[in-house]
Amino acid sequence: MRDPRYDILFEPVQIGPVTAKNRFYQVPHCNGGGYRDPSAAAAMRGMKAEGGWGVIFTEQTEMHHSSEITPYIELRLWEDQDIPMFARMAEAMKSHGALAGIQLAYSGVNGPNLYTREVPLAVSPQPVRTFTPDPVQARGMDKSDIRDLRRWFVNAAKRAKLAGFDLICLYGAHGFGIFQHFLSSITNHRSDEYGGSLENRARFANEVVADIRDAVGDTMGLTMRVSLDESLGALGFSNAELREFIEMNRNLPDLWDLAHGTWEDCSGPSRFKEEAAQEALVQGIREMTDRPVVGVGRFTSPDVMARLVRAGTLDFIGAARPSIADPFLPAKVEQGRIEDIRECIGCNICITGDMTMSLSRCTQNPTFMEEWRKGWHPEKISKRGDSDTVLVVGSGPAGLEAALACANRGYDVALAEAGTSIGGRVARERNLPGLSAWGRVADYREYQLSQKPNVETYFDSALDASQILEFGFQNICIATGARWRGDGVARQHVTPVEIDPNMSVFTPDDLMDGRLPSGHVVLYDDDHYYMGGVLAELLVQQGCQVTLVTPAPMVSQWAVNTLEQHEIQRRLLEMGVAVRANAGLIKVNSGDIEMNCSYTDRRESIGCDAVVMVDSKLENSGVFRDLKSQEESWADSGIRSVKIIGDANAPGPIAWATYAGHRYARELDAPDLGDALPFRREIAGLAPQ
Ligand code: ADP
Ligand code: SF4
């Protein structure tokens, strides 16, 4: 059972009039579902309740229609008819004794109001500050607007109480919440009693807290999410100023929630930030207040958590991503099952669900946001169906997850791997600069598989169709992955680029296998996710002079969605990588390449010693196709099903592969759904005409 070292994490802690059963605190986090998929979001929160979290929050809730962040999909509490949706969520959160929290956001200068068409109201008149620089300016609030806004907060608090919440978080971090906008001189240029001195800038926060406390403070705890550091130079709300603010207002909320000035800083990926990266910014704040303090830092290690509580740095261990990767993290600590924790790898794929307004996924937890849609539970899976045996070919993320989930269902599983190590692409990519934490995808599953009596793993086993037909497994899962093309075919080119055979051309696979170029290397990136940027870094580390050529306007463009793009490009520029954006590749000659401008097609040559092609991938689907062509002999071999999954089916990010593996196992021996939709979907009710 529980290791006594972690007892401290299970102490109850009071937050105003309510008490959390332990110190595990799921801070507000988006999920891409929000108001469009409220039941899916509620079921996801309910899973955290079951997993033992003491406090569970919603994502940011737009609390008045005059401030919203379309196109991003969060929650909306605009009128009474929204209350039932929130009641469903609060009920799910409280189902196992957790406190249910709602985060109230007034987006101010961060809300372009593209949906409501209301003129945005901000602390001071300014162009809106959003991810997409919308051509919209916000009007500065006058005194009557401020009075209105105070009333709107009270209205929202009352609705939150009716919905059954225990806690309200006032959002003032990440650049997204009005409390930060009042506090920071970047967004507060007022000359009245709400601007200027810190005392004046803190006035609004004091007023709203007092108003809400009057209205609902007898039963609800009030938390304030503040920015640890805006890192925006002299005008920004710095860590020193935050400390001054807390010292001046030591017991303002019932709990201080310490987040960062920007979301990018707060949700730093493992590539750039370690666990507990904010420790220095948080240290000592707890001594300035009598109220409990929560902080985040991609905490997955109970030792780190216990240390921070014991040291008096934090009262609550805040977590968003670690709670997504493993909603049962507290339960596993409680049960002494530390090695079963599915640790977040810090890839930020979950954030892309919000950034692309789709639905969040998690690389480590394929059941995330499928709890309601597909009825997937992160820790439970149905018993096996009619058949008994599964052969999984390939031990990349797809094959590993398929093998593990099939084993959990009770199938006898054989996992065949052509190479000598587990992990497929992860086994190689984890050695690239900054990606070591991604190895957890393989490590977690390797350990879990090693604990299963019904799984055998075979290395050095590059199987072909005839061997597979001979073995006599009932179900065959082909997860043989993909390899980089190297011929330039991706988005700019749909047919291979002309390449002089005298030029050394490398693929990402070559580099990962240790075959490295030297001298001046042109890296052509028409993939646009992490690989181009990571390999440029590797090449510089190896002493190459690197020019990165990309048809996109920036390096690793899709990494905008993982909140990494800025840091990737900054790092490459600081390392001396020459970046040629908006530039394509026309031809590879023996000592140079020919480039074109993406807009004008103007041509230019760059002399170089080698070219690295980060283009697209080709599926390793040969074994599958061979098996398919012998379908008539399957029955004689005892084969009931053959499926291809993951990169071998269609290459994509690692999260797509773990999802495919999990889905394979869930659907094995399940009835064929035919043309039916494979998930539940929520449709907004039609209003009366
Ligand atoms: P995915 O992301 O879909 O899991 P990966 O490329 O990460 O795909 O992993 C595929 C794995 O399959 C690699 O480890 C590779 O060595 C292995 N593999 C490929 N072909 C075969 C084969 N014919 N037999 C056994 N293993 C294979
Ligand atoms: Fe962690 Fe990646 Fe899962 Fe997000 S998607 S919770 S960063 S493992």
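Counting convention: from 1, in listed order, for ligands and their atoms alike. No hydrogens, no waters, no symmetry mates; every other heavy atom, side chains included, goes into these values.
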(request) Taking only heavy atoms of Ser461 into account, list the atoms of ligand 1 that are under 4.0 Å away from them. (result) 24 (N), 25 (C)
(message) Return the closest protein heavy atom for atom 1 (Fe) of ligand 2 as residue, atom name and distance.
(response) Cys344 SG, 2.4 Å
(message) For atom 6 (O) of ligand 1, what is the closest protein heavy atom, and at what distance to 0.1 Å?
(response) Gly481 CA, 3.2 Å
(message) Once you measure the plane-to-plane angle for Phe328 and His377, does it fall in the parallel (<30°), tilted (30-60°) or perpendicular (>60°) bin?
(response) tilted
(request) Identify, for atom 9 (O) of ligand 1, the protein heavy atom at the shortest distance, and state residue, atom and that distance. (result) Gly396 CA, 3.3 Å
(message) With heavy-atom distances below 4.0 Å as the criterion, list the atoms of ligand 1 near Ala657.
(response) 2 (O)
(request) Please write down residue, atom name and distance for the protein heavy atom closest to atom 2 (Fe) of ligand 2. (result) Cys347 SG, 2.4 Å
(request) Have a look at Ser395 and tell me which of Arg445, Glu446, Glu417 forms a side-chain hydrogen bond (donor to acceptor under 3.5 Å, both in side chains) with it. (result) Glu417
(message) I'd like to know if the side chain of Ser270 reaches the main chain of Ile345, judged simply by a donor and an acceptor atom lying under 3.5 Å from each other, with no hydrogens or angles considered.
(response) yes
(message) Considering non-hydrogen atoms of the protein only, which is the closest contact for atom 12 (O) of ligand 1, and what is the distance?
(response) Gly394 CA, 3.1 Å
(message) Check this for me: does any side-chain nitrogen of one of Arg298 and Glu343 sit under 4.0 Å from a carboxylate oxygen of the other?
(response) no
(request) Using a strict cut-off of 4.0 Å, indicate which atoms of ligand 1 neighbour a heavy atom of Ala416. (result) 25 (C), 26 (N)
(request) Using modelled atom types only, decide if a donor and an acceptor are shared between the side chain of Gln565 and the backbone of Val555 within a distance under 3.5 Å. (result) yes
(request) Show which atoms of ligand 1 fall inside a sub-4.0 Å distance from at least one heavy-atom site of Val393. (result) 22 (C), 24 (N), 25 (C)
(message) Distance under 4.0 Å to a non-hydrogen atom of Val623: what atoms of ligand 1 satisfy this?
(response) 23 (N)
(message) Please report whether ligand 1 has a polar contact with Asp647, defined as an N or O pair separated by less than 3.5 Å (distance criterion only).
(response) yes
(request) Specify the protein heavy atom at minimum distance from atom 16 (O) of ligand 1: its residue, its atom name, and the distance to 0.1 Å. (result) Glu417 OE2, 2.6 Å
(request) Show which atoms of ligand 1 fall inside a sub-4.0 Å distance from at least one heavy-atom site of Ala479. (result) 10 (C), 11 (C), 12 (O)
(request) Report the nearest protein non-hydrogen atom to atom 7 (O) of ligand 1: residue, atom name, distance rounded to 0.1 Å. (result) Arg425 N, 2.7 Å
(request) Using atom types as modelled and distance alone, determine if a side-chain donor or acceptor of Thr507 lies under 3.5 Å from a backbone N or O of Asp509. (result) yes
(request) Could you tell me whether the side chain of Asp669 and the main chain of Ser387 form a donor-acceptor pair under 3.5 Å? (result) yes
(request) Could you tell me whether a side-chain N or O of Asp647 sits under 3.5 Å from a main-chain N or O of Gly652, the two making a donor and an acceptor? (result) yes
(request) Give me the ring orientation class for Phe368 and His29: parallel if the planes are under 30° apart, tilted from 30 to 60°, perpendicular past 60°. (result) tilted
(request) Just jot down the ligand 2 atoms closer than 4.0 angstrom to any heavy atom of Thr363, in number order. (result) 3 (Fe), 5 (S)
(request) List every atom of ligand 2 that sits less than 4.0 Å from any heavy atom of Ile324, numbering the atoms from 1 in the order shown and giving each element. (result) 6 (S)
(request) Look at the side chain of Glu275 and the backbone N and O of Ser301, then say whether any donor-acceptor pair between them is shorter than 3.5 Å. (result) yes
(request) Provide, to 0.1 Å, the distance between atom 6 (S) of ligand 2 and the closest protein heavy atom, together with that atom's residue and name. (result) Arg321 O, 3.3 Å
(message) Can you name the atoms of ligand 2, numbered from 1 with element, that are less than 4.0 Å from a heavy atom of Ile345?
(response) 1 (Fe), 8 (S)
(request) Without swapping roles, check the side chain of Asp526 against the backbone of Arg491 for a donor-acceptor pair under 3.5 Å. (result) yes
(message) Against Lys48, only a single residue in Val55, Ile56, Leu329 fulfils side-chain contact (heavy atoms from CB on, under 4.5 Å); can you say which?
(response) Ile56
(request) If you have a sec, work out which protein heavy atom is nearest atom 5 (S) of ligand 2 and how many Å separate them, to one decimal? (result) Cys350 N, 3.2 Å
(message) In terms of relative ring orientation, are Tyr72 and Phe131 parallel, tilted or perpendicular, with 30° and 60° separating the classes?
(response) perpendicular
(request) Show which atoms of ligand 1 fall inside a sub-4.0 Å distance from at least one heavy-atom site of Gly424. (result) 7 (O), 9 (O), 13 (C), 14 (O)
(message) So if I count the atoms of ligand 1 from 1 in the order they appear, which ones are less than 4.0 Å from some heavy atom of Ser395?
(response) 11 (C), 12 (O)
(request) Check whether any heavy atom of Leu463 sits under 4.0 Å from an atom of ligand 1. (result) yes
(request) Could you point out which residue of Val304, Val309, Asp303 forms a side-chain contact (heavy atoms from CB on, under 4.5 Å) with Arg307? (result) Val304
(request) Would you check if atom 4 (Fe) of ligand 2 lies under 2.8 Å from any N, O or S atom of Cys362? (result) no
(request) Quick one: look up the protein heavy atom nearest atom 26 (N) of ligand 1 and list residue, atom name and how far away it is. (result) Ala418 N, 3.0 Å
(request) Indicate yes or no: does an N/O atom of Pro397 lie under 3.5 Å from an N/O atom of ligand 1? (result) yes
(request) Just need the protein heavy atom nearest to atom 4 (O) of ligand 1, so name the residue and atom and give the distance. (result) Ala398 N, 2.8 Å
(request) Check whether any side-chain N or O of Asn620 sits under 3.5 Å from a backbone N or O of Thr480 as a donor-acceptor pair, and report yes or no. (result) yes
(message) Considering non-hydrogen atoms of the protein only, which is the closest contact for atom 7 (S) of ligand 2, and what is the distance?
(response) Asn348 N, 3.1 Å
(request) Looking only at protein heavy atoms, identify the closest one to atom 21 (C) of ligand 1 and say how far it is in Å. (result) Thr480 CG2, 3.4 Å
(message) So, regarding Ala648 and ligand 1 (criterion: nitrogen or oxygen to nitrogen or oxygen, under 3.5 Å), is there a contact or not?
(response) no
(message) Please check: side-chain N/O of Glu567 versus main-chain N/O of Glu564, any donor-acceptor pairing under 3.5 Å?
(response) no
(message) Tell me whether Asp412 contacts the main-chain N or O of Asp388 through its side chain, where contact means a donor paired with an acceptor under 3.5 Å.
(response) no
